[in-house]
Structures are given as structure tokens and as C-alpha cells.
Number of protein chains: 2
Amino acid sequence: MASFQTVKGFRDFYPEDCALRNHIFDVWRSVARRYGFIEYEAPVVESTDLYKKKSGDEITGQLFCFKDKKGRDISLRPEVTPSLARMATARQRHYGKPMKWFQIGSCFRYEEPQKGRTREFNQFNADIIGDASPAADAELVALAIDVMLALGMKKDDFVIRLSDRRLWSHFLEEQKIDADKTAAFLQVIDKMEKVPESVTAEKLEGIGLTLAQVRAFIDGASEAHAVFAPLRENLSARGLWEYVKIDPGIVRGLAYYTGAVFEVFDLKHGLRAVAGGGRYDNLCGLLGGTEMPCTGFAMGDVVLGEMLKQTPGAQFAITDGLLKAFALDVYVVVADETARSHALAAVHELRRAGIRADYAFGAQKVGKQFQAAEERKARFAVIFGAEFPTVKVKNLTARSESPVSSAHLVTTLQQMLQAPDVGPLIA
Amino acid sequence: MASFQTVKGFRDFYPEDCALRNHIFDVWRSVARRYGFIEYEAPVVESTDLYKKKSGDEITGQLFCFKDKKGRDISLRPEVTPSLARMATARQRHYGKPMKWFQIGSCFRYEEPQKGRTREFNQFNADIIGDASPAADAELVALAIDVMLALGMKKDDFVIRLSDRRLWSHFLEEQKIDADKTAAFLQVIDKMEKVPESVTAEKLEGIGLTLAQVRAFIDGASEAHAVFAPLRENLSARGLWEYVKIDPGIVRGLAYYTGAVFEVFDLKHGLRAVAGGGRYDNLCGLLGGTEMPCTGFAMGDVVLGEMLKQTPGAQFAITDGLLKAFALDVYVVVADETARSHALAAVHELRRAGIRADYAFGAQKVGKQFQAAEERKARFAVIFGAEFPTVKVKNLTARSESPVSSAHLVTTLQQMLQAPDVGPLIA
């Protein structure tokens with residue numbers, strides 16, 4: 001029989017990949033918590049209507065949508081923001097404002113798989129609900145920067161490209177372009193970097209504009225513009241304004257943004273945006289709830305993973321994450337099968353004490369057991385042999401060895417594992 | 001416009017629910033790591049064929065299956081074991097045996113939602129691949145017990161119901177029942193506790209057996225049976241045999257089990273099985289890969305969550321998990337708006353130092369800011385006022401207050417947060 005394949009665009013996370021993923025999740029979670037964000041999780045499946053019209057044409061064209069057995073139109077979520085808006089409006093009286101919420105989980109888009117793009121990806125979403133001030137937008141930009149730095153990136157690895165959709169609303173007003181053309185216009189700007197100039201020029205003409213007008217506006221944008229003043233002041237106080245570059249070419253593809261928008265952009269490897277987001281003050285109302293000002297961003301694991309692998313400063317963090325996933329504290333070697341039940345009891349006690357311990361299930365040569373200990377990066381081996389109740393504890397880094405009474409094994413190892421030469425106990 | 005609803009059988013994890021879920025995930029992950037298991041993750045979507053025939057009729061009748069835009073038959077995974085077998089056989093030469101792997105993630109079944117049963121649930125899967133010995137089965141039973149204990153359960157809260165499908169193979173042989181009726185027979189035994197006696201009797205007659213014969217066999221089962229000897233010896237060495245009850249009525253619904261099978265069973269609240277698993281030595285071969293002996297179990301979060309909420313011993317652990325999700329270390333109070341940029345810089349420094357810090361985005365009365373600090377269970381408040389660069393640090397538990405130079409704020413708070421009266425710093 002032919003063996004089975006992974007479905008196109010989906011990923012198997014073998015242990016090495018899972019360790020990198022968990023390292024990214026751990027950084028997302030710990031930095032978000034330091035910022036006072038609280039974790040929630042929305043369902044992976046929502047009714048398809050939730051995305052139609054609200055998210056914009058691009059994303060609804062990429063929906064993994066299907067009918068359930070009762071004929072309901074449901075979709076694997078392509079993004080989390082509409083679910084968050086649904087959840088927040090449903091219980092908006094229950095939580096004090098502003099709500100600073102984050103979630104980590106899978107999203108799905110039916111796109112052609114390519115580098116940095118899969119049909120399933122993990123996304124970190126951070127949002128602030130119920131606060132209309134630029135201080136909330138600044139808090140999110142700061143969070144995005146600190147996540148990148150915590151992952152081992154440096155200032156020259158990435159930049160925040162910041163814009164505001166209201167710049168373009170004013171521009172279109174000045175150019176006397178109908179407001180109902182705004183959505184189409186923003187789609188053109190969003191695609192500008194990715195399509196040939198002639199395509200952009202033609203589309204702009206259809207709206208009643210020239211490429212030269214648009215280029216002049218983009219080039220003329222300055223961080224001195226009043227719309228950016230509160231963010232500049234706020235981020236400067238944190239020493240973070242130097243990470244920001246004003247770029248009106250950033251408008252974000254989703255339909256629901258209303259104000260400040262930004263992207264986290266890789267500077268060295270020509271990758272797609274690592275993260276993006278902005279203010280969306282109308283979405284809760286559009287979904288039938290109470291109007292609430294909202295702002296947020298999402299960061300995916302696919303482009304970020306590529307970037308981490310290619311950034312020297314992030315290598316140490318990756319190694320650390322891998323070690324955390326694999327390394328044992330102790331490998332228990334059974335040198336004499338008559339001691340097996342004692343060894344098993346000791347393994348159990350060690351684990352109960354929070355120590356990562358493993359052993360061979362059946363009789364094996366001592367050399368092979370030591371080999372397994374090394375493969376699993378164990379820091380200590382404990383040898384159970386004919387001398388039981390005395391056992392030997394071997395420091396596999398220092399290659400030193402000492403006899404210990406098995407009655408004191410757990411406490412002895414707890415002390416040894418906290419000694420500086422073996423590093424801290426892995427939680 | 002009508003507001004949107006969650007799709008039937010799917011769950012919104014608001015922060016309180018998410019904290020409980022994360023507490024369960026943390027325990028699953030940390031106990032599995034102590035046991036030397038390594039984390040992987042399989043895709044949420046697989047080709048439908050992977051489940052057909054392999055998992056058995058019951059589960060394939062509950063598949064969330066659909067066609068993608070290219071007409072491929074794909075399914076949201078109802079369980080993880082077939083994916084694991086697929087992944088393990090695809091790279092079986094790459095990893096030393098035994099492979100001790102675990103994963104945590106969502107599964108989906110189209111069942112009628114009811115207490116302890118949703119259409120989406122989280123599952124912890126732990127499996128040992130490439131080891132045919134009962135020591136591997138015992139390792140999994142021990143892991144399941146230690147997970148329950150780590151969650152705050154006591155001996156009288158749960159029991160491991162242990163059986164072995166080979167008992168029934170022998171029974172059917174003795175009764176001269178055709179081997180091709182085994183699958184149908186095991187389905188009858190699996191449903192026995194849930195359907196009226198008359199239904200079971202009728203189905204057994206169809207196979208050529210009487211209910212009395214089956215009952216006599218179940219009642220006659222003893223832990224002294226030779227098939228259980230290695231597990232009894234192994235688990236006794238760890239002091240865990242007292243958690244086990246032999247029960248041949250446990251056969252598990254999935255088609256692929258071949259040997260030892262077990263369930264973790266709630267003893268007090270009449271809930272469904274909390275976990276279940278067993279040995280499945282043929283699955284890798286059935287999926288077209290190399291034959292490899294395998295054994296594993298899965299534990300879901302829905303029944304477990306119900307059990308935790310109803311078990312007094314687990315309450316402390318839940319509270320702890322909630323606190324970990326919500327509590328701030330420090331709330332920075334801006335008592336004078338002229339100090340805001342200094343306060344913002346301090347918040348930033350505190351967060352960089354790994355401290356959970358928050359503040360109000362805009363000007364607010366001091367009393368309201370202290371109220372927010374209390375709502376978020378902050379342990380300290382730092383007040384930035386006209387006295388800057390001197391700030392006030394207030395211990396919100398001890399209600400004590402002291403002036404600190406803002407230049408020493410981070411180091412001072414780091415020391416204060418490690419003092420025993422405020423508990424350890426939340427990671």
C-alpha cells in the first residue's frame with residue numbers, strides 16, 4: 001500500500017521543528033504577559049459569514065470553507081480578529097477596559113504554498129479593546145519590537161513600517177475622489193510593491209489618479225506629520241522610535257482598518273512581512289455588537305521561523321529552545337538486572353521531584369545505555385549495579401563520579417543539578 | 001444586524017477558561033518532559049483516507065470531512081494516532097528507538113454536544129514507538145497516573161481500568177468464534193456499559209455467544225492472570241499498582257489496538273473516561289510503513305476540566321493557574337501627568353527586566369489607577385508624581401510604602417519581588 005502524505009500546505013512538526021515552534025510560542029507568551037496582556041483563545045472553526053465582507057475580498061477568496069453535515073457554511077479561521085471582535089462584544093460588560101488580550105493558535109488560508117507561506121500557520125494576536133488613544137497603538141508597536149528583540153533580533157534586522165489610513169483618506173478628499181473608491185484604492189496601494197508599475201498605474205487611472213501623484217504623496221510623507229506625533233512622543237519615551245520608519249505605502253490588506261497601521265519588516269533576507277496590524281474601530285459594530293475602539297496586530301510563525309534561522313543573533317535562542325525540549329537531567333543506567341526494580345523506583349522518585357529522568361525499558365549493555373544518555377544530552381548518569389543500595393552518580397560533563405546511598409539520591413541530584421557548572425534546572 | 005454565534009460544539013476560551021486550559025497543558029507538558037517524552041505536532045488536517053478503515057467505523061462516522069477546492073477528501077483530525085504512525089514511519093531511521101513522543105493539540109468529532117463532549121477538544125497524546133515490551137505499556141500507565149496526581153487528584157478520585165485485548169482473543173478462540181467476528185464483538189463489549197442489557201444480549205447472540213458467558217468471563221478476570229504479570233511487577237516497583245483495577249470490560253473503541261488497553265476513570269462524578277489508550281502494534285504496517293510496535297494513550301481536556309472543577313484537591317492548582325495568567329508584578333501609577341514620559345520609560349525598563357508591568361494609557365484619577373492595580377492582582381504599585389526622580393513603591397499586600405530613586409527602581413523591585421512575603425516571581 002502506498003504510504004500516506006501530508007496534505008499540501010500542511011506541516012508535520014517533528015521534534016526539532018516543534019522545539020523551534022515552542023521557543024517562538026514561549027517568547028510570544030512571556031513578552032505579552034510582561035506587557036500585561038491576558039491570553040484567550042477563539043475557536044478554529046467559525047461560521048463563514050463572520051469573514052465575508054468584514055475581512056475583505058482577498059482573504060475570503062482564500063477561505064478553507066465547507067458545509068457541515070447539517071448544511072451550515074463553516075470555515076477554518078483565516079485570521080483571529082473577527083472572532084475576537086465577536087467574543088469581546090458578546091461579553092463586553094464583563095471585562096474592564098481597556099482589554100489587553102492575546103492568543104496563539106493556528107490559522108488557515110487556501111493559498112499556493114511557497115517559501116514563507118503555508119496553508120496552515122501559527123499566529124500570535126495581540127489586541128487592545130476599548131481604548132481609542134494612540135497610546136494603545138504605541139503599546140502594540142512596542143510589544144512587537146520587544147518580541148523581535150526577545151527572539152534575538154537586533155536593530156538592523158528589522159524595522160517597523162508605520163502609516164495611517166487617514167493619511168490616504170485626506171489625500172483622496174483633496175484629490176476629490178469618491179469615498180466609495182477608498183477600498184479599491186487601498187488594495188492598489190497594498191499590492192504596489194508586489195506588481196509591475198504599469199499594473200499599478202493602470203489601476204490608479206481607473207480610480208482617477210496618476211502614479212506620479214501617489215508616488216509624490218508617499219515620498220513627501222514625514223514623521224513630522226501631526227497624525228504621528230502622539231506615537232512618536234510615546235515610543236520616544238521608551239527609546240523605541242528609532243525602530244520606526246514612516247511609510248504610507250503600508251496600508252494592510254484587510255478591509256476593516258481605520259487608523260494607524262504598521263508592519264514588522266525583515267531588512268536582510270527579502271522575506272514577506274513578519275507581522276502587521278492596526279486600528280479597527282468599526283469592526284465590533286459591523287459584526288452587530290456595540291461599537292468599541294480596537295487596535296491589534298498579528299505575527300505569524302512561518303516568515304518569523306525563516307528569519308530566525310537566518311539571523312546569527314537568534315541562533316543561541318534556538319539552540320536553547322532545542323535543549324529545553326530534548327535534554328534530560330538524569331539517565332538511570334541499569335548495570336545489573338537484579339537492581340532493575342530499585343532503579344525503576346528511583347526513576348519514579350526523581351520524576352516526582354521534578355527531575356527529567358529516563359532509562360532503558362529492557363536489559364541492555366552498559367555502553368549502549370551511556371550512549372542513550374549522551375544522545376539525550378543527560379547531565380548526570382546514575383548507575384544501579386550489584387553494589388545497591390549504593391549507586392554511582394556520574395557527572396557527564398565533568399566526567400567525575402561519586403558513590404551515593406540510594407536513599408539520598410534525589411536530594412543529592414537536586415543539589416548537583418543546581419550547581420553552576422551544569423546550568424540551571426530546566427523547568 | 002444579528003450578532004454572530006459560536007458554531008455548535010465549538011468553544012470560546014475567555015481568559016478564565018484559557019487559564020484553566022493552559023494549566024492543564026502546562027501539567028501535561030511538564031510531567032511528560034520529566035518522563036523523557038519529546039514534543040511533536042501533527043497537522044490538524046489530514047487526508048480522509050488516513051482515518052478510514054484504520055480508526056474503525058465509530059470514529060469515521062464522526063469525521064469532520066470535506067473536499068478542498070481541488071476535490072481532495074480531507075478531514076479535521078478526530079484523533080492523532082494515525083498521524084503519528086504516518087510521521088514515525090516516514091522518518092523511522094532518523095530517530096533512536098524507543099521514540100517517546102507527546103503532543104498537545106485540538107481534535108474534532110462531529111458528535112452531538114453534551115456534558116463532557118464538544119465537537120472540538122484538546123488532547124494530550126503520549127506514545128512509545130519501537131518497543132514491544134510491557135515495560136513501555138507500564139511507562140504510559142505510570143505517566144497517566146502522575147499526570148492525574150500532578151493535577152491535584154488523589155487516589156480515591158480515579159482508577160486505571162486495565163485490560164488486554166488478547167484476553168478476548170483467547171476467549172473467542174475457546175468459544176470457537178470466527179476471528180473475523182472479533183472487531184464486531186469488541187464493539188459490543190465497548191458499548192456494554194452504555195446500552196441496555198437486552199441490546200448487548202441480542203448482539204452477542206448474533207455473534208454466537210450469550211451474555212452470561214461474557215459476564216462470567218469478565219467477573220472471573222484476575223490481576224493474577226499471566227498477561228498482567230509484567231505490568232504488575234513494573235508498576236509495583238514504582239508504588240503505582242494500587243491505582244490499577246483489572247477490568248476486561250475495557251476494550252477501547254478504536255479498531256487498531258492489539259494488546260494491553262487501559263482507561264483513566266473518574267470515581268466520583270459519573271463522568272466519561274478521562275483518558276484511554278493501549279498497544280497498537282500493526283498500525284504502522286497498515287498505513288503502508290515498516291511494522292513497528294507502538295503503545296500510547298490520549299487524554300482530553302473536556303472531561304478532565306469537568307473533573308478538576310469538581311475535585312476539591314484540584315482547586316488550589318486551578319487558582320494558581322488563574323493567578324499565573326492574570327497577576328501583574330507591578331502597576332505604575334501616574335499621579336502627575338508631567339511625569340508620564342518618565343513613567344512610560346520605567347514601565348519599559350521593568351518589562352525588559354522580565355517583570356510584568358502595566359499602567360493606564362491616559363490621565364486618570366489616582367484612585368482609579370489603584371483600583372486597576374487591585375483588579376489585576378498587582379503585588380506592587382509604583383507612583384510617579386511631582387517628586388520625580390523620587391518615586392514611591394507601595395507593597396499592595398503589606399500596605400507598606402517607601403521612596404525609591406527612579407534610577408534604582410528596577411533592581412529594587414527585583415529584590416522586593418523575590419522576598420518570601422510576596423511569593424516567587426511569576427515566570
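No experiment lies behind these values; they were computed from the predicted model shown.
Counting heavy-atom pairs closer than 4.5 Å to chain B, the top-ranked of the candidates A/Gln103, A/Lys100, A/Glu349, A/Lys67 is A/Lys100. Across B/Asp17, B/Val31, B/Val44, B/Leu240, the residue that shares the most heavy-atom pairs under 4.5 angstrom with chain A is B/Leu240. Residue with the most contacts toward chain B among A/His94, A/Arg119, A/Arg86: A/Arg86 (heavy-atom pairs, distance under 4.5 Å). Of the listed residues B/Cys65, B/Gly96, B/Ala135, B/Gly105, the one with more heavy-atom pairs under 4.5 angstrom with chain A than any other is B/Ala135. By number of non-hydrogen pairs under 4.5 angstrom with chain B, the leading residue of A/Ala345, A/Ala42, A/Ser133, A/Ala357 is A/Ala357. Highest contact tally toward chain B, considering only A/Ser83, A/Ser341, A/Pro43, is held by A/Pro43 [criterion: heavy-atom pairs under 4.5 Å]. If you tally non-hydrogen atom pairs under 4.5 Å between each of A/Tyr331, A/Phe64, A/Tyr95 and chain B, the highest count goes to A/Tyr95. Between chain B and the options A/Glu375, A/Arg91, A/Arg72, A/Arg376, the largest number of non-hydrogen pairs under 4.5 Å is found for A/Arg91.
For chain A, no part of B/Ile104 is nearby; none of its heavy atoms comes within less than 4.5 Å. Using a 4.5 Å cut-off between heavy atoms, B/Pro98 contacts chain A through its side chain alone, with no backbone atom that close. With a threshold of 4.5 angstrom between heavy atoms, B/Ile128 approaches chain A through side-chain atoms but not through N, CA, C or O. Both the backbone and the side chain of B/Glu46 come within contact range of chain A, judged by heavy atoms closer than 4.5 Å. Proximity to chain A (any heavy atom under 4.5 Å) is restricted, for B/Arg29, to the side chain, taken from C-beta onward. Residue A/Leu350: no heavy atom, backbone or side chain, is found under 4.5 Å from chain B. The part of B/Asn22 that comes within reach of chain A is its side chain, from C-beta onward, which places non-hydrogen atoms under 4.5 angstrom from that chain. Both the backbone and the side chain of A/Glu39 come within less than 4.5 Å of a heavy atom of chain B. Heavy-atom distances place the side chain of B/Asp131, and not its backbone, under 4.5 Å from chain A. Heavy-atom distances place no part of B/His342 under 4.5 Å from chain A, backbone and side chain included. Interface residue B/Ile74: only side-chain heavy atoms are found under 4.5 Å from chain A. Using a 4.5 Å cut-off between heavy atoms, A/Leu235 makes no contact with chain B at all. In this structure, chain A has heavy atoms under 4.5 Å from both the backbone and the side chain of B/Thr6. Within the 4.5 angstrom heavy-atom criterion, atoms from both the backbone and the side chain of B/Lys70 approach chain A.
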Task: salt bridge (Lys or Arg N to Asp or Glu O under 4.0 Å) between B/Arg340 and A/Glu233, worked out - done: CA-CA 11 Å; B/Arg340 175 161 291 272; A/Glu233 188 185 333; over 6 Å; no
Open item on the list: Between B/Arg352 and A/Asp146, does the salt bridge (Lys or Arg N to Asp or Glu O under 4.0 Å) criterion hold? Intermediate values first, please.
Closed with: CA-CA 8 Å; B/Arg352 280 275 170 93; A/Asp146 266 353; 2.6 Å; yes
Open item on the list: Before you tell me yes or no, could you show the steps for A/Ser75 and A/Thr48 under side-chain hydrogen bond (donor to acceptor under 3.5 Å, both in side chains), namely the whole-Å CA-CA distance, both residues' side-chain angles and the distance that decides it to 0.1 Å?
Closed with: CA-CA 5 Å; A/Ser75 288; A/Thr48 301; 2.9 Å; yes
- [ ] With salt bridge (Lys or Arg N to Asp or Glu O under 4.0 Å) as the test, would you mind laying out the steps for B/Arg21 and B/Glu16 before giving the verdict?
- [x] CA-CA 9 Å; B/Arg21 185 204 70 169; B/Glu16 304 82 342; over 6 Å; no
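Here the two rings, on B/Tyr359 and B/Phe361, have centers that are under 6.0 Å apart. Outside the 6.0 Å centre-distance limit, the rings of B/Tyr14 and A/Tyr40 are not counted as a close aromatic pair. In this structure, the ring of B/Phe37 has its center no less than 6.0 angstrom from the ring center of B/Phe102.
At least one donor-acceptor pair under 3.5 Å links the side chain of B/Gln369 to the backbone N or O of B/Gln364. When atom types are taken as modelled, the side chain of A/Glu41 and the backbone of B/Asp12 share no donor-acceptor pair closer than 3.5 angstrom. Side chain of A/Arg356 to backbone of A/Ala327: a donor-acceptor contact under 3.5 angstrom is found. Distance alone, capped at 3.5 Å, is enough to place a donor-acceptor pair between the B/Tyr35 side chain and the B/Ala142 backbone.
At least one side-chain heavy atom of A/Arg11 sits less than 4.5 Å from a side-chain heavy atom of A/Phe13.
In B/Lys368, the NZ atom is not crowded: 12 or fewer heavy atoms of neighbouring residues, nucleotides or ligands sit closer than 6.0 Å.
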